Amino acid sequence: MSLKVYRSKRNFSATPEPKGEQRESGSSRGLLYIIQKHQATALHYDFRLEWQGVLLSWAVPKGPSLDPSVKRLAMQTEDHPLEYGGFEGVIPEPGYGAGTVMLWDRGTWKPEDPNVAKSLRSGELKFSLFGKKLRGSWVLVRTKNGYGSAAGKPAWLLIKHRDQFASQSDVLTAEPRSVKSKRLLAEIAEKGHGNVAKAAKGDPPGGGPKS
Ligand code: MN
C-alpha cells in the first residue's frame with residue numbers, strides 16, 4: 001500500500017486535498033470507511049476502506065445500491081491517505097479530479113476474514129459497514145476481466161448482501177446530503193468558489209429531501 005500514485009497525480013500547491021502521511025492503522029477506533037460523492041468530469045461515488053495505513057479506493061459510477069439484486073461497477077483506483085477521509089470541498093481546475101467532493105457517508109468497516117490481503121488477491125472481499133447511510137453486510141467481487149482492462153484499473157462489483165439493512169429504496173436520492181455538513185454538492189461548490197452549475201448536476205432536482 002503506497003501513496004506514490006496518489007501524490008504523482010496531484011499538485012499540492014494547487015489543490016486543498018491532503019498530501020497524506022503514512023500512519024499506523026488498527027487502532028481501537030476501528031477501521032475507517034467513507035464514501036465521497038464526487039462531481040468531476042462525471043459524477044461518481046468514491047468508496048474507501050482503511051487498510052494498512054491508507055484508504056483502499058474504488059470509484060463507483062452509479063453509487064451503491066441497498067438492493068442485493070443490483071451489482072454496481074467499482075473501478076479500483078489509487079490508495080488515498082487516511083486524512084482524505086475528512087476531505088470535503090472543491091478541487092480546482094485543471095487539477096486531477098477537478099470538481100466538487102462531498103463526504104457522503106462515514107463510519108467504520110470490518111472484514112469478514114481478517115486476512116484482507118488474501119481476500120484482495122482472491123478477488124472477493126466480504127465485509128460489514130457501520131456508516132450513517134450504509135450498514136450491514138456487503139461484498140466486493142473482482143470481475144473476470146478485472147485485470148488488464150483498458151484503463152489499467154481492476155474492475156470490481158459492489159453488492160449488498162441480504163440482511164435487515166437490504167432495501168429496494170434508493171438511498172442515493174433519499175439521502176443526497178453530506179454526512180459532515182448536511183450540504184448539497186452545489187452548496188459545497190458555492191462556498192469553495194467552484195463550478196456551482198456543474199456541481200448541481202450531481203444533486204437531485206430541487207435539492208431532494210431536507211435533512
Ligand atoms: Mn473521485
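Everything numeric in this text was worked out from a predicted model, so none of it was measured. Whatever order the structure lists ligands and atoms in, that order sets their numbers, starting from 1.
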| How many N, O or S atoms of the protein are nearer than 2.8 Å to the Mn ion (ligand 1)? | 3
| field | Side-chain ion pair, R177 and E187, N-O less than 4.0 Å | value | yes
| said: Less than 6.0 angstrom separating the ring centers of W109 and F130, yes or no? | reply: no
| query | Do D67 and S65 meet the criterion of a side-chain donor-acceptor pair at a distance under 3.5 Å? | reply | no
| field | Pair D105, Y45: side-chain N/O donor-acceptor within cut-off below 3.5 Å | value | no
| said: Could you walk me through whether R48 and D46 satisfy the salt bridge (charged side-chain N to carboxylate O under 4.0 Å, His left out) test, starting with their C-alpha distance in whole Å, then the side-chain angles of each, then the deciding distance to 0.1 Å, before giving a yes or no? | reply: CA-CA 6 Å; R48 310 192 198 278; D46 288 303; 3.5 Å; yes
Pair up each side-chain donor or acceptor in residues 84-96 with any protein partner under 3.5 Å, not counting sequence neighbours, and list the distances.
residue, atom, partner, partner atom, Å
Y84, OH, E17, OE2, 2.4
E88, OE1, L103, N, 2.8
E88, OE1, S178, OG, 2.6
E88, OE2, S181, OG, 2.7
E88, OE2, R183, NH2, 3.0
E93, OE2, K198, NZ, 3.3
Y96, OH, K9, NZ, 3.2

